Amino acid sequence: MKKGDHLFLVDGSGYIFRAYHALPPLNRKSDGLPVSAVLGFCNMVWKLLRDARDTAVGVTPTHFAVIFDYSSKTFRNEIYPEYKANRSEPPEDLVPQFGLIREATRAFDLPCIETEGFEADDLIATYARLAVEAGGDATIVSSDKDLMQLVGPCVSMYDPMKDREIRVPEVVEKWGVMPEKMIDLQALTGDSIDNVPGVPGIGPKTAAQLLEEYGDLDTLLTRAHEIKQNKRRENLIEFAEKARISRELVRLKTDVPVEIGLDALALDSAANGPKLIGFLKAMEFSTLTRRVGEATGVDPASVEAATVEVQAKAEAHGPDLTVPATGIEEEGAEGEVAPDRMDDADTPQKLAKKLADAAPADPFDHSRYVCIRDLETLNHWVDEARETGLLAIDTETTSLDPMQAELCGFSLATAPNRAAYVPLNHRNGKDDLLGGGLVDGQVKLEEALAVLRPLLQDPSVLKIGQNLKYDWLLLYRHGIEIAPYDDTMLISYVLEAGSQAHGMDALTERWIGHTPLSYKEVTGSGRSKVTFDMVDLERATTYAAEDADVTLRLWKVLKPHLAARGLASVYERLERPMVSVVGRMEHRGITVDRQILSRMSGDFAQTAAAMEEEIYQLAGGRFTIGSPKQLGEILFGRMGLPGGAKTKSGQWSTSAQVLEELAAAGHELPRKIVDWRQVTKLKSTYTDALPGYIHPETGRVHTSYSLASTTTGRLSSSEPNLQNIPVRTVEGRKIRTAFIAPEGRKLISADYSQIELRVLAHVADIPQLKQAFADGLDIHAMTASEMFGVPVEGMPGEVRRRAKAINFGIIYGISAFGLANQLAIPREEAGAYIKRYFERFPGIKDYMERTKAFCREYGYVETVFGRRAHYPEIRSSNPSIRAFNERAAINAPIQGSAADIIRRAMMRMDAALADNGLGDVQMLLQVHDELIFEAPEEAVERAIPVIRTVMEGAAWPARTLSVPLKVDARAADNWEEAH
DNA sequence: GTGGTCTCCTA
DNA sequence: GTAGGAGACCACA
């Protein structure tokens with residue numbers, strides 16, 4: 001290569017995505033193979049080769065190469081394991097086109113370059129440098145900002161879609177910095193799509209301004225303490241190291257060892273017409289085939305279509321754990337409103353990125369918040385929401401419990417900084433013992449709701465909330481069913497379960513770089529704490545309006561990431577519908593018999609008191625039995641019993657397991673302690689606590705389910721937790737008799753039998769297990785028989801028990817240590833069992849290994865339905881942390897798929913019951929693999945088959961499991977008998 | 001009052 | 001060995 005030569009470097013990988021999203025879908029006529037990106041690519045390359053002079057570039061290439069990414073793993077992952085950890089799977093109809101575009105490149109007789117461990121961008125940087133050093137010029141065919149750092153006197157970029165050349169002035173205009181400063185700029189802003197951390201709260205505008213002022217990143221970071229804005233200064237100091245790492249991630253390598261030299265990129269003047277035509281014919285691109293034929297003087301009719309192999313796999317595409325979650329089933333909810341479209345957002349990834357970048361740039365202006373105190377103004381806002389089609393809403397109340405809370409007011413937002421608070425029930429300060437009077441000038445609650453109701457139920461206005469189940473339930477109590485809606489907490493949960501928090505403050509910090517006013521600052525804390533209705537209107541407005549403002553901004557930033565990461569259907573089909581389904585369940589509650597519990601409490605108190613006397617006798621004095629510290633001192637100090645395990649703070653453990661061992665060795669006191677603990681546990685946690693949760697008006701207990709607090713997709717229940725009501729011991733089980741159906745009704749309990757083992761058999765594809773489930777066999781006995789060669793007929797209980805423990809162990813990501821513990825056998829023996837199990841069911845070992853490998857590479861694992869659970873610490877250098885995360889990663893697809901299945905059943909249940917004339921059958925509770933219903937006595941027999949059908953068919957049609965699901969269902973007057 | 005530790009209840 | 005929530009105690013503020 002020499003002076004005057006001009007090298008064209010096509011960013012092949014970048015082009016593929018851009019073309020795919022920019023061009024209308026196109027399928028090969030003969031077989032439907034998707035080819036739109038391939039056609040776009042061929043047209044572009046042909047144009048550049050033939051008449052680049054007529055384009056914005058204005059020069060003819062002498063050298064030409066197409067560069068691709070080799071794989072997702074590059075040296076950047078060494079610097080920062082999280083790099084590109086967010087990457088989503090490419091769309092299904094793009095996958096085959098990766099290979100085809102490489103084929104096309106070869107058909108054009110162009111060098112097709114990729115190097116393991118490097119991104120296309122690094123190769124482009126390297127070749128651009130070589131070209132300039134040789135005295136030539138280079139044009140990079142791409143519009144990716146990551147490449148803009150390379151722009152200079154001899155290097156330009158060319159956007160083929162817009163036919164626009166990007167030189168130094170264009171970079172400066174767009175980003176506010178010279179191209180060489182792009183590295184520092186990107187280091188500051190980060191990149192949420194590639195997962196480059198950057199510094200929170202700094203977007204392109206701020207970054208450019210800072211670089212203008214301080215010159216470069218290093219200077220900026222060393223002088224960060226001079227910055228006036230508090231948050232910005234703190235962030236720059238705190239995240240300085242992240243910024244430096246980011247710089248290394250965005251800095252392109254210009255010294256990649258290249259096998260193909262510059263000279264090999266020289267264009268051959270004589271295009272190989274027949275070869276190219278053969279390919280184009282195979283693709284069935286008739287227009288381009290004709291053009292190429294005319295230009296090369298080759299008659300297309302004389303050329304046979306080439307044989308082109310279609311690969312099913314994308315480049316940089318990890319092992320397939322599950323089928324992609326896109327596809328076949330029911331349509332998304334109605335009333336979906338698309339987020340703002342941006343002109344040059346060609347892909348969901350770029351749109352998501354753009355919105356994330358833009359978020360911190362829009363400063364909060366509390367002075368623009370409005371306090372709405374008359375119906376006319378409220379009506380005006382309602383009209384505004386109808387126009388925008390978007391409304392962020394947040395309610396302010398007197399309690400965290402939506403079943404008890406009184407509405408104090410609500411806030412609305414229709415655009416950033418365009419937010420308002422509508423006080424409804426605010427009271428004057430504490431000067432009056434009766435709580436003071438109503439603050440003047442507030443819209444009446446009923447009038448406000450009358451205005452709001454049609455809007456909140458308007459199918460053309462999307463309502464946005466953060467933890468919307470709370471507001472949904474509160475408004476449901478006022479006869480309003482919000483729809484359609486989105487929940488920013490649930491969006492975040494779908495995107496980042498396991499790796500990040502989903503609370504509003506955390507989300508705001510992370511995505512917007514802003515700290516909202518805290519609730520505490522507004523209502524006070526401790527003794528001086530007041531309910532929200534006592535807060536003066538000005539402060540209340542600032543706080544409440546900001547919450548709505550923040551929620552709207554979060555939605556704008558977060559929502560596009562769903563599509564960008566291929567998670568929209570997980571959100572729409574597994575997550576969002578739960579808000580109203582679970583909201584209804586919480587609203588219904590369940591009847592708990594106060595008398596039964598109170599009687600039990602009395603009995604327990606007597607029993608415990610008697611036990612305490614015996615314990616003091618045996619211990620030779622009084623002490624606090626409930627204090628593990630004191631108990632340990634007595635048992636292992638004063639009495640000199642042999643201590644077993646230690647707790648992590650170095651204390652002797654007094655766990656039930658340790659005490660049981662001592663009891664088995666003939667010691668009386670430990671036995672009594674174990675019994676005492678059981679009684680006091682049942683009393684304090686259940687019989688004493690549950691009545692306190694009976695709602696004063698409904699007379700029922702309304703638990704609260706959290707939709708976003710587990711990593712795997714399970715729900716959790718609290719206040720009270722109704723997912724841990726005792727069942728194992730006879731004594732404990734009695735507590736369930738207090739959960740009853742009202743007069744004339746029955747409780748129905750329906751639970752999945754062995755759902756997790758069935759999911760395991762499906763995902764790990766274990767023929768023996770699948771067969772056993774298909775045949776309806778006793779799965780643990782079958783396992784035992786397979787492992788130990790003992791016939792199922794007349795099998796000793798102990799043998800089956802061990803197999804059962806191993807089966808559970810497998811689901812939990814087995815370790816010899818854990819199994820040994822569980823079965824109270826030596827670790828060697830446990831290890832031998834595991835080995836035997838893996839030999840008998842080799843697919844299990846494969847499943848575990850590929851799940852771990854997948855998680856190590858991507859940072860998450862997926863359920864059968866595409867839900868992701870993140871385990872960033874699986875790459876920890878600490879072996880025990882790593883092992884823990886590996887076990888969790890093995891468990892998550894199993895536990896999570898089962899959770900997805902029951903969610904799907906729950907979402908369909910109300911409609912299925914109603915369709916069968918069972919509208920009076922109500923789903924009340926969920927306990928992971930069990931659903932509890934309340935039904936009129938005469939409806940029970942018809943309800944059970946409907947419930948069973950919905951639950952057993954819940955995976956379909958999204959997935960067809962290779963094992964049947966089985967549901968046992970029973971009805972009774974109370975939960976103990978129904979279960 | 002708040003937060004950490006220990007223990008124990010569930011699937 | 002997985003996933004949770006809660007009560008009691010206790011040291012800290």
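We name chains A, B, ... by the order of the sequence lines, and we start the count at 1 in each one. Values in this document were obtained by computation on a predicted structure and should not be read as measured data.
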For Ile811(A), is there any backbone N or O sitting under 3.5 Å from a side-chain donor or acceptor partner on Asn891(A)? yes

Is there a donor-acceptor pair closer than 3.5 Å between any side-chain N or O of Tyr705(A) and the backbone N or O of Gln926(A)? yes

Hydrogens and angles aside, do [X] and [Y] bring a side-chain donor and acceptor to less than 3.5 Å of each other?
X: Ser716(A); Y: Gln723(A); result: no
X: His979(A); Y: Glu930(A); result: yes
X: Thr515(A); Y: Glu509(A); result: yes
X: Thr737(A); Y: Asn974(A); result: no
X: Asp968(A); Y: Ser753(A); result: no
X: Thr624(A); Y: Ser627(A); result: no

Checking Lys629(A) now: which residues fulfil salt bridge (Lys or Arg N to Asp or Glu O under 4.0 Å) with it, not counting sequence neighbours? none

Partners passing salt bridge (Lys or Arg N to Asp or Glu O under 4.0 Å) against Arg599(A) (at least two apart in sequence or in another chain):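 Residues passing salt bridge (Lys or Arg N to Asp or Glu O under 4.0 Å) with Arg599(A): none at all.
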
Does the salt bridge (charged side-chain N to carboxylate O under 4.0 Å, His left out) test come out yes or no for Glu668(A) and Arg671(A), once each step is laid out? CA-CA 5 Å; Glu668(A) 213 176 335; Arg671(A) 169 91 270 145; over 6 Å; no

Can you give the first and last nucleotides of DNA chain C, 5' to 3', that have an atom under 4.0 Å from a heavy atom of chain A? dG1(C) to dA11(C)

Would you jot down, in residue-number order, the residues of residues 799-810 of chain A having a non-hydrogen atom under 4.0 Å from DNA chain C?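 The answer is Ala805(A), Gly809(A).
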
The correct set of residues in residues 826-841 of chain A placing a heavy atom under 4.0 Å from DNA chain C is none

Under 4.0 Å between any heavy atoms, over every strand shown, what does [X] touch: base, sugar-phosphate, or nothing? Just pick one.
X: Ile814(A); answer: base
X: Ser709(A); answer: sugar-phosphate
X: Ser815(A); answer: base

Could you encode protein contacts along nucleotides 5-11 of chain B as a string, one character per nucleotide from 5' to 3', using B for base contact, S for sugar-phosphate-only contact and - for no contact, with a heavy-atom cut-off of under 4.0 Å? SSSBBSB

Could you grab the distance from atom CG of Leu631(A) to atom CH2 of Trp676(A), nearest 0.5 Å is fine? 9.0 Å

Aromatic ring pairing Phe623(A)/Tyr616(A), orientation class (parallel under 30°, perpendicular over 60°, tilted between):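 Rings of Phe623(A) and Tyr616(A): perpendicular, as their planes differ by over 60°.
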
